[in-house]
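See structure below.
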Amino acid sequence: MAAQEVDDFLDDELVNQYIVFPPEVIAAIDQVFPSQDPLDRADFNAVDYINNLFPTEQSLSNIEEVISDFQGKIHHLDSEIKSCIRSQSGVSADGAAALEETQVAICQLFARIKDIRAKAEKSEHTVREITRDIKQLDIAKKNLTSAITTLNHLHFLVFGVDQLEVLCQKRQYSEIASLLQGVSRVMEHFTPYLDIPQVKQLADQLDQIEKRLGDQISNDFKEAFSGSGPKQPSTLTQLSEACSVLNVIEPRFKREIIRWFVGLQLVEYSHLFQESEENAWLDRVDRRYAWVKRHLLSFEERMGRIFSQDWEMSERIAVEFCILTRNELTKIMAKRVNEIDVKLLLFTLQKTTQFEELLSRRFTGASMEELLSSEKSTKKKVESTNPFEEPTGKNPFEEEDETEKSVPINQVQLTITESLTGSPFHGLISRCFENHLNIFVDSQDKNLAELMDRFVADLKIQGSSLAQAEIEGCCVLPSCADLFVFYKKCLLQCAQLSTGQPMLSLTSVFKKYLREYASRLLQSNLPRCGRTNNTSSITPVLPMSMSSLTKDFTRELRDLSSGGAAGLIQNFQSLLKEGDMSSTSPKCTKDDIARICTILTTAEYCLETTQQLEGKLKEKVQPALADKVDLGSEQDLFGSVISQCIQLLVADLECACEPALVTMAKTAWQTWESVGDQSQYVTIMTSQFKHYIPFIRDCLVSSRKYFTQFCMRFVNAFMTRFVQQLYKCKPVGVVGAEQLLLDTHMLKTALLDLPSVGSQVSRKPPASYSKMVVKGMTRAEMILKVVMDASDTNSKYVAHYMRLLPESDPSEFQKILDMKGVRRSEQQLLVDLYRAQQSSQVDREDNSNFSAVSGSNTQGLTLSPDHESSRIKKLEKLIKRRL
């Protein structure tokens with residue numbers, strides 16, 4: 001029957017069915033039944049397997065054997081599968097029997113666990129019964145121990161209090177100190193029992209003993225020092241033992257004794273140096289410090305062993321002496337302020353700072369820390385408890401005032417915490433001179449005024465040949481080095497005196513004489529040669545006024561027609577030409593150029609040193625005042641001097657090249673017959689370059705960046721002037737235009753080599769310089785190429801012009817037509833054609849721009865024609881350049 005079921009199960013349809021297992025099942029099977037047979041792999045490929053069995057055609061000869069082997073394997077597997085299935089047919093009955101046995105075993109296990117739990121509870125109850133009496137005994141033991149300890153403490157406390165009463169009457173302070181310390185510790189254990197009358201009585205009795213001891217010791221000190229001091233060694237020993245008692249009792253008694261004793265030590269000082277005495281004035285301040293030195297030595301020798309080292313009595317005397325001296329000096333200086341001069345002030349400050357430094361080396365400043373903590377505690381006690389008062393700092397409108405008042409402008413003093421961060425005694429006395437350091441600042445002001453007058457006088461004596469000093473490789477005026485050396489000395493001296501408001505006042509003095517040095521020794525000594533209307537002075541007002549003037553002109557020109565605007569431009573050009581002709585000036589000699597370069601390098605040195613001076617001032621001054629130190633305006637002033645010097649050099653070289661440019665404009669280029677070598681005017685200009693540039697470069701050898709700036713400014717001005725003179729060359733024939741084009745190319749080459757002309761070492765100029773030269777001279781070449789153009793029709797000529805000079809305007813187009821020699825009647829036709837093509841080009845650009853921004857919100861905007869704005873911009877640039 002079972003065999004029949006197995007045969008039915010292994011139906012051909014089920015056997016041939018392909019079963020797919022999950023990857024987890026396949027991995028588990030491989031782990032349980034590892035096999036290297038390819039037929040057992042999940043990714044079995046029949047084609048690859050057959051190709052491996054029969055790699056070649058000759059291998060097919062034994063195919064029958066392979067098939068028979070596989071059939072045998074299949075039959076063997078079928079037999080194994082059938083046997084496995086048959087063996088599993090009776091498993092269900094065996095499993096049911098095993099499950100029933102397991103359930104019976106579980107029930108027995110539960111019964112045994114229940115029995116064990118009941119026995120455990122019974123055992124626990126028995127143990128509790130046994131240990132209940134032991135726990136009570138343990139608690140009784142703890143209570144008994146505590147009671148015995150408390151009784152012992154109470155016995156010691158009662159005995160100690162009685163013993164203290166007896167010892168206090170006998171003044172046996174050494175025994176009192178040790179006993180009182182132990183009694184005080186025992187009394188701390190009875191703090192929770194102060195509600196018991198007997199304990200409260202003992203505590204009050206102990207307080208009374210401490211007060212009586214404090215008063216008694218105070219009286220002993222006053223009696224011992226009623227004369228010149230304790231006379232018997234026994235008295236010193238008794239007072240020393242009394243000090244050990246003061247360390248144990250309430251601290252206020254110790255503070256009172258210290259305050260009284262320190263004041264007693266300084267009674268003689270107050271009498272000797274009161275205001276009416278001659279020794280009280282500043283010129284004898286060193287006698288004050290000599291007195292306290294002698295007194296401290298005498299005190300430590302005679303009475304030093306009375307007080308323990310942790311009392312720091314010598315330091316306390318010194319601190320009180322400093323405070324008393326500061327107050328006395330403040331009063332006497334306020335009354336006799338007219339008698340204070342800078343020598344007396346510096347002498348006093350020097351002696352005071354030396355004494356403070358001596359104290360900081362001798363003492364640690366521990367007593368000053370105690371003084372600071374006591375001041376904080378007293379401030380906390382003084383705080384108001386009125387609930388109707390607004391707490392300070394809660395008003396938001398007072399926060400700014402409080403931050404400003406935290407550092408007063410007229411009196412900046414070091415607090416105790418600030419002094420402790422550095423030297424403990426720094427500023428403890430010398431801070432009283434803060435309000436009188438204006439005398440020092442005024443003295444430095446006078447000294448700088450005299451120094452400045454001496455600089456000016458020396459410069460006038462030297463005349464045209466300025467003395468030069470080598471400072472870090474720079475040829476500068478020696479006076480600037482003397483000025484900053486004096487500044488350094490003043491800064492170091494003021495930093496030793498004060499880093500507060502006097503430092504700011506000294507900064508103002510520094511700024512004043514930096515401006516005076518720039519005006520009196522630099523700007524006023526610039527030579528008058530090479531100056532034009534636009535280089536006579538460097539002021540920030542001129543560009544603003546010219547900008548406003550240009551805006552007024554352009555506002556009116558927008559209302560005019562294009563023809564009227566062009567005519568107005570020509571009128572302005574003629575006016576500006578007349579101004580150029582009138583702005584003649586003498587050329588600079590080599591001495592003048594050397595003077596200009598010396599002033600330039602001096603201004604550069606002053607600019608860099610002023611930046612360093614500002615950093616040092618911010619470093620030395622108090623951090624709260626560092627933001628108020630600003631030398632930016634003085635740095636800008638030296639920068640303007642440098643710019644003025646460069647402009648003078650540029651103007652002088654322009655004047656040297658002007659005759660050659662005039663010669664170019666006056667040459668008859670229409671009758672030029674053949675193109676040869678470069679023209680004579682180009683040779684003249686290149687010779688001027690070779691004459692001026694090497695000398696200027698040698699003078700500015702230490703200021704390479706400003707030499708480069710000079711070259712860029714000159715090239716920019718020269719190319720503009722060259723194009724202007726080029727327009728004056730009219731009429732120009734084709735051969736003349738070719739010659740001018742050759743000359744322009746030669747000038748372009750000369751300008752590119754301008755920074756290194758005459759130099760043995762060839763250096764490549766900066767990229768920005770080369771780009772500027774190429775752009776400017778290429779425009780001049782395009783102008784000449786337009787003049788040379790021989791198009792057969794007007795439209796082609798205009799198109800060629802717009803392609804070569806796309807940023808041009810009708811006025812420039814008309815100038816080029818004048819150079820070409822076109823008659824006025826024909827010019828109007830070409831100008832109209834140019835405007836028409838320019839307008840069509842603008843319309844195309846407008847349409848493309850409008851289509852590009854059609855999605856944006858631009859309704860209601862009217863665009864002015866680009867040729868009008870371009871012409872107006874040209875006019876603005878022309879007016880700025882001319883004026």
Checklist entry - Is there a side chain to side chain contact (heavy atoms under 4.5 Å, CB included) between Phe707 and Val701 once you walk through the steps? => result CA-CA 8 Å; Phe707 173 72; Val701 65; over 6 Å; no

Checklist entry - Does the pair Phe363 and Val319 meet the rule for a side chain to side chain contact (heavy atoms under 4.5 Å, CB included), with working shown? => result CA-CA 10 Å; Phe363 302 114; Val319 171; over 6 Å; no

Next on the checklist: Run the side chain to side chain contact (heavy atoms under 4.5 Å, CB included) test on Leu514 and Phe484 for me, step by step, so that the C-alpha distance in whole Å, both residues' side-chain angles and the decisive distance to 0.1 Å come before the verdict.
Outcome noted: CA-CA 10 Å; Leu514 285 174; Phe484 284 105; 3.8 Å; yes

Next on the checklist: Under the criterion side chain to side chain contact (heavy atoms under 4.5 Å, CB included), I'd like the reasoning laid out for Ser360 against Glu357: C-alpha separation, chi angles, the key distance, then a yes or no.
Outcome noted: CA-CA 5 Å; Ser360 64; Glu357 183 66 22; 3.8 Å; yes

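No donor-acceptor pair closer than 3.5 Å links the side chain of Tyr269 to the backbone N or O of Arg288. One N or O on the side chain of Arg697 and one on the backbone of Pro755 form a donor-acceptor pair closer than 3.5 Å. Looking at Arg713, its side chain does come within 3.5 Å of a backbone N or O of Ser643 through a donor-acceptor pair. Distance alone, capped at 3.5 Å, places no donor-acceptor pair between the Asp652 side chain and the Leu648 backbone. In terms of modelled atom types and a separation under 3.5 Å, the side chain of Asn525 and the main chain of Leu521 share a donor-acceptor contact. Side-chain atoms of Thr353 come within 3.5 Å of backbone N or O of Gln350 as a donor-acceptor pair.
Counting heavy atoms from C-beta outward, Thr325 and Phe273 have side chains that stay 4.5 Å or more apart. Counting heavy atoms from C-beta outward, Arg520 and Asp453 have side chains that approach closer than 4.5 Å. No side-chain heavy atom of Leu477 sits less than 4.5 Å from a side-chain heavy atom of Phe455. Side-chain contact between Phe510 and Thr610 is absent, with no heavy-atom pair separated by less than 4.5 Å. Considering only heavy atoms from C-beta on, Leu631 stays 4.5 Å or farther from Gln611 through its side chain. In this structure, the side chains of Thr507 and Asp630 stay at 4.5 Å or more apart for every pair of heavy atoms. For the pair Ser479/Leu459, no side-chain contact is recorded, criterion being any heavy-atom separation below 4.5 Å from C-beta on. Contact annotation: the side chain of Glu320 never approaches that of Gln265 to less than 4.5 Å [non-hydrogen atoms, C-beta and beyond].
Summarising the geometry, atom CG belonging to Asp592 is positioned 11.0 Å from atom SG belonging to Cys597; distances are rounded to the nearest 0.5 Å. The OG1 atom of Thr330 lies 9.0 Å from the CD atom of Glu328; values are rounded to the nearest 0.5 Å. Put simply, CG on Leu491 and CG on Leu613 are 7.0 Å apart, with the number rounded to the nearest 0.5 Å. Taking CE from Met503 and OG from Ser508, the interatomic distance works out to 12.5 Å, rounded to the nearest 0.5 Å. In this structure, Leu296 CG and Leu359 CG are separated by 8.0 Å, a value rounded to the nearest 0.5 Å. Of the inter-residue distances, the one linking Arg361 atom CZ with Glu356 atom CD reads 12.0 Å to the nearest 0.5 angstrom.
Shortest non-hydrogen contact noted between Ser702 and Thr601 is OG-CG2, 4.1 Å. Heavy-atom minimum distance, Arg326 versus Ile429: CG-O, 3.8 Å. Scanning all heavy atoms of the two residues, the minimum distance from Gln444 to Cys490 falls at OE1-SG, 3.0 Å. Here the closest heavy-atom approach between residue Val476 and residue Thr602 is recorded as CA-OG1, 3.4 Å. When all heavy atoms of Tyr513 and Ala449 are compared, the pair lying nearest together is OH-CB, 3.3 Å. Nearest approach of Leu506 to Cys494, heavy atoms of both residues: CD2-CB, 3.6 Å.
No salt bridge links Asp286 with Lys293; every basic N to acidic carboxylate O contact stays at or beyond 4.0 Å. One finds a salt bridge joining Lys618 and Glu614 here, because a Lys/Arg side-chain nitrogen approaches an Asp/Glu carboxylate oxygen to under 4.0 Å. Electrostatic pairing of Glu268 and Arg294 does not count as a salt bridge here, judged by no charged N lying under 4.0 Å from a carboxylate O.
Between Phe355 and Phe321, the ring centre distance stays below 6.0 Å. If you look at Phe261 and Phe299, their ring centroids are closer than 6.0 Å.
Taking the six-membered ring where tryptophan is involved, the planes of Phe710 and Phe714 are essentially parallel, since the angle between them stays under 30° and well short of 60°.
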